[in-house]
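I have placed the structure first, in the form of structure tokens, so that the comments after it can refer back to it.
Just so you know, these numbers use all the heavy atoms, side chains as well, and skip hydrogens, waters and symmetry mates. The structure presented is a predicted model; accordingly, all values stated were derived computationally and were not measured.
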Amino acid sequence: MPTLDRIEGFADELTAIRRDLHAHPEIGFEEVRTSGIVAEKLESWGVEVHRGLGTTGVVGVLRGNGSGTKRIGLRADMDALPMEENTNLKWRSTIPGRFHGCGHDGHTTMLLGTARYLAETRNFDGTVHFIFQPAEEGLGGARAMIKDGLFDKFPCDEIYGLHNAPDMNHGEIAIFPGPGMAAADFFDITITGYGAHGAMPERSKDPVVIAMTLGQAMQTIVSRNVDPLKSAVLSITQIHSGSAYNVIPGDAKLCGTARTFDEKIRLQIRERMRTLAAGMATAFDVEIKVDIRDGFSVLINQEEQAKAIEEVARTIVGDDNVFTKVRPKMGSEDFADMLQAVPGAYFWLGQEGSVPVHNPGYYLDDKILPIGASMFARLIETRLPVAV
């Protein structure tokens with residue numbers, strides 16, 4: 001597999017960086033140690049460093065050979081998940097309740113590898129902006145960086161991102177134009193009932209029963225309201241209520257996510273959730289509050305930049321390992337907000353191991369680090385060629 005030789009030469013150092021980040025995970029907007037390491041590494045390679053965008057974000061600026069004015073952004077996310085790790089790895093998380101269960105430690109390390117290579121070679125004409133983003137996992141890190149002036153201070157003519165993919169084979173790359181990942185809303189539904197003794201339910205307005213009834217009813221939104229030829233998912237992922245075996249609590253809470261590629265369906269799901277909640281509130285004589293938040297936009301790859309990734313991928317992993325069939329994912333990614341501001345594309349890099357991301361047993365395959373770094377580096381050399 002023809003990854004770039006220079007990057008292969010320091011692949012062991014990339015692995016060491018990645019495993020250190022893995023052992024010290026930080027969740028969204030708390031990536032102080034991580035961003036410090038990123039800044040230190042970039043500065044040591046002669047990359048101009050800017051810190052503090054979106055709270056803990058880092059942007060490195062590197063200018064190549066020549067007088068080219070084109071600017072390209074490369075983005076990696078830095079945050080971990082608020083969950084426990086369940087592996088026996090020597091470099092497992094040392095922080096309780098924090099785990100790089102989505103591989104962002106790998107994404108950060110790949111982009112660092114790209115920065116080192118490009119700083120040493122300067123075989124490009126133009127400017128590269130290395131964007132290390134905080135808080136991708138549902139906290140709006142991309143929007144925070146954009147709000148802080150990311151593309152005003154560091155204009156980009158195009159931008160690229162990637163994600164590891166344990167559902168693909170090692171070294172395979174998937175890229176296609178158009179919608180690639182779904183929009184996502186997050187919701188909190190709070191039911192305020194009336195508590196009582198567990199032996200005297202007739203004296204209560206039982207929020208647990210109401211929560212179960214509402215949760216079941218919400219599962220009909222997709223199956224009985226959304227066009228079956230359209231994609232949509234509604235998942236209740238949290239239920240909170242009660243503190244004792246013999247106490248009917250006074251309130252209950254349902255939390256979850258709704259995802260779709262269609263803005264009309266997105267609005268339809270929101271409306272049906274509120275309508276069902278209002279109906280349940282009337283039927284059971286309780287108060288139900290519904291809070292729905294816009295978490296992610298639809299990620300849309302532009303055709304030109306998707307084609308550029310495809311062509312580069314063929315030189316890095318070979319024709320047989322490049323997949324361009326359109327297969328959108330119902331997962332979400334806040335790189336979508338950057339793609340709304342700047343044309344670009346996002347690709348998936350297959351790795352060994354079948355444990356999915358966001359699973360406590362997930363692990364990143366370190367052998368993909370030089371592949372991801374080579375992909376980014378070759379993209380820059382291809383899109384910002386030095387005049388001969």
Side-chain angles (χ1 to χ4, degrees), residues 1-25 31 33-49 51 58-65 72-78 89-91 100 103-124 126-133 160-165 170-173 309 312-313 315-318 321 347 349-353 363-384 386:
M1 192 174 293
T3 51
L4 301 181
D5 289 341
R6 184 184 288 264
I7 292 176
E8 284 289 355
F10 54 75
D12 288 346
E13 295 174 57
L14 294 181
T15 296
I17 292 171
R18 205 283 298 179
R19 293 180 179 181
D20 176 70
L21 295 177
H22 187 91
H24 302 89
E31 307 94 339
R33 181 182 186 275
T34 302
S35 62
I37 291 172
V38 166
E40 179 184 356
K41 294 293 184 183
L42 294 176
E43 288 172 347
S44 73
W45 300 325
V47 178
E48 178 184 313
V49 173
R51 301 185 63 177
V58 179
V59 178
V61 179
L62 184 67
R63 297 171 181 86
N65 291 317
I72 293 181
L74 301 175
R75 174 271 201 176
D77 35 18
M78 299 187 293
L89 298 172
K90 293 180 180 179
W91 51 90
H100 267 298
H104 296 185
D105 50 343
H107 305 164
T108 296
T109 303
M110 292 176 200
L111 189 53
L112 285 174
T114 302
R116 174 176 171 177
Y117 169 85
L118 292 174
E120 291 176 353
T121 60
R122 307 273 177 153
N123 186 31
F124 64 97
T127 301
V128 182
H129 293 142
F130 304 101
I131 302 167
F132 293 86
Q133 180 206 306
Y160 298 91
L162 64 75
H163 204 291
N164 70 89
H170 172 81
E172 293 179 342
I173 288 176
I309 291 174
V312 165
T315 71
I316 299 294
V317 301
N321 288 317
F347 63 96
L349 173 56
Q351 65 161 65
E352 289 183 359
Y363 64 92
L364 186 111
D365 172 14
D366 286 316
K367 293 189 293 299
I368 68 171
L369 298 176
I371 302 176
S374 294
M375 280 292 301
F376 274 153
R378 187 68 62 80
L379 271 168
I380 294 301
E381 292 177 341
T382 301
R383 301 296 284 174
L384 300 177
V386 175

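When every heavy atom of Ala377 is checked against every heavy atom of Leu4, the shortest pair comes out as CB-CD1, 3.7 Å.
Under the salt bridge (charged side-chain N to carboxylate O under 4.0 Å, His left out) criterion, the residue pairs touching residues 363-374 are Arg18-Asp366, Arg19-Asp366, Glu352-Lys367, Asp365-Lys367, with sequence neighbours excluded.
Separating the CG atom in Leu118 from the CZ atom in Arg6 is a distance of 10.5 Å, to the nearest 0.5 Å. Considering OH of Tyr117 and CD of Glu381, their distance stands at 3.5 Å, rounded to 0.5 Å. Thr114 contributes atom OG1, which lies 10.5 Å from atom CG of Leu369 (distance to the nearest 0.5 angstrom). Interatomic distance, CG of Leu74 versus OH of Tyr160, reported as 9.0 Å (0.5 Å rounding). Distance CD1/Ile72 to CG/Leu62: 12.0 Å, rounded to 0.5 Å.
Side-chain contact between Met110 and Ile368 is present, with at least one heavy-atom pair separated by less than 4.5 Å.
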Original post:
Do Met375 and Ile173 pass the side chain to side chain contact (heavy atoms under 4.5 Å, CB included) test, and can you show the C-alpha distance, the side-chain angles, and the key distance before you say yes or no?
Top reply: CA-CA 10 Å; Met375 280 292 301; Ile173 288 176; 3.5 Å; yes

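For the pair Glu120 (side chain) and Trp45 (backbone), a donor-acceptor distance under 3.5 Å is absent. His107 places a side-chain N or O within 3.5 Å of a backbone atom of Asn164 that can act as its donor or acceptor partner.
Screening Ile17, Leu364, Asp105 for a side-chain contact (heavy atoms from CB on, under 4.5 Å) involving His22 leaves a single residue, Asp105.
For Asn65, the side-chain contact (heavy atoms from CB on, under 4.5 Å) criterion is met by Arg122, not counting sequence neighbours. For Arg63, the side-chain contact (heavy atoms from CB on, under 4.5 Å) partners at least two apart in sequence or on another chain are Glu48, Val61, Thr127. Judged as a side-chain contact (heavy atoms from CB on, under 4.5 Å), and not counting sequence neighbours, the contacts of Pro370 are Ile7, Glu8, Ala11. With sequence neighbours left out, the side-chain contact (heavy atoms from CB on, under 4.5 Å) criterion links Ala23 to Thr94. The ring pair (Phe, Tyr, Trp, His ring centres under 6.0 Å) search around His24 returns none, not counting sequence neighbours.
Using a 3.5 Å distance cut-off with no hydrogens or angles, the side chains of Arg378 and Thr315 do pair a donor with an acceptor.
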